Amino acid sequence: MNPSRDRIVPMLSEEQLQARIRELGIQIAADYAGKDVVVVGLLNGVYPFFADLTRAIELDFDIGFMQVSSYHGGTESTGEVKIVKDLDSAIQGRHCLVVEDIVDTGTTLFKVRNLLLDREPLSLKVCTLLDKPSRRKTQVPVDYIGFTIEDRFVVGYGLDLDGKFRNLPYVGIYQP
Ligand code: 5GP
């Protein structure tokens, strides 16, 4: 397969994304004011959202990254979740906010959540840029949602198709 930009139909513009991220940042800052927080990004897809969101949260906090893999090419999940890179920061007794690019079946988040809860954070909340609730197979709480979207395969702003399109500043639907 040779993914092409011509097949991407724009869905969320750079302006729409940034405006919503500013709102999320204000809400998260209000909720976590005065608390010891570690904001954990799930690589790779979260990288642009994480950079923009963390800069929109006007608080002082620690950051860390984890990488898990669930997709092995193509547009369908295999259901397997593998830890590729674990978190460096300790979260025991601290407030932990996990940041995701998209929650689809919920499998990835469910596994990551359980893994982090075992480390006894004071609290654990989740923020996702995109949510596809109609695809959920595993129920998992999501506390902050940027946009709820239909069951479409989207790319851009961190989301890839076979490693491509992560660097687009907008989100679009990929038409195979
Ligand atoms: P879940 O475990 O919730 O099914 O899937 C989570 C992961 O699957 C996301 O972090 C993302 O990497 C990938 N994913 C799910 N839906 C999409 C999509 O529409 N587009 C892209 N590019 N990746 C997706």
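These numbers were taken from a predicted model, which means no experiment stands behind them. Both counts, for ligands and for their atoms, begin at 1 and track the order of listing. The chain is numbered in sequence order, starting from 1.
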Decide whether the shortest distance between a heavy atom of [X] and an atom of ligand 1 is less than 4.0 Å.
X: Gly45; result: no
X: Asp101; result: yes
X: Arg152; result: yes
X: Ile102; result: yes

Could you tell me, atom by atom, which parts of ligand 1 come under 4.0 Å of a heavy atom of [X]?
X: Asp160; value: 21 (C), 22 (N)
X: Thr108; value: 1 (P), 2 (O), 5 (O), 6 (C)
X: Leu159; value: 21 (C), 22 (N), 23 (N)

Salt bridge present between Asp101 and Arg166 (N-O < 4.0 angstrom)
no
Residue that, paired with Met66, satisfies side chain to side chain contact (heavy atoms under 4.5 Å, CB included) out of Leu43, Val112, Val98, Val84:
Val112
Does Lys132 approach ligand 1 within less than 4.0 angstrom via side chain, backbone, both or neither, non-hydrogen atoms only?
side chain
Counting heavy atoms only, which part of Glu100 comes closer than 4.0 Å to ligand 1: side chain, backbone, both or neither?
side chain
Asp52 versus Gln18: any side-chain heavy-atom pair under 4.5 Å?
yes
Output all residues satisfying side-chain contact (heavy atoms from CB on, under 4.5 Å) with Asp131, sequence neighbours left out; order by chain, then residue number.
Val103, Thr128, Pro133, Arg136, Ile145, Thr148
What pairs with Ala29 under side-chain contact (heavy atoms from CB on, under 4.5 Å), at least two apart in sequence or on another chain?
Ile57, Leu59
Selected option - heavy-atom contact closest to atom 21 (C) of ligand 1, from Val154, Val155, Thr107
Val154
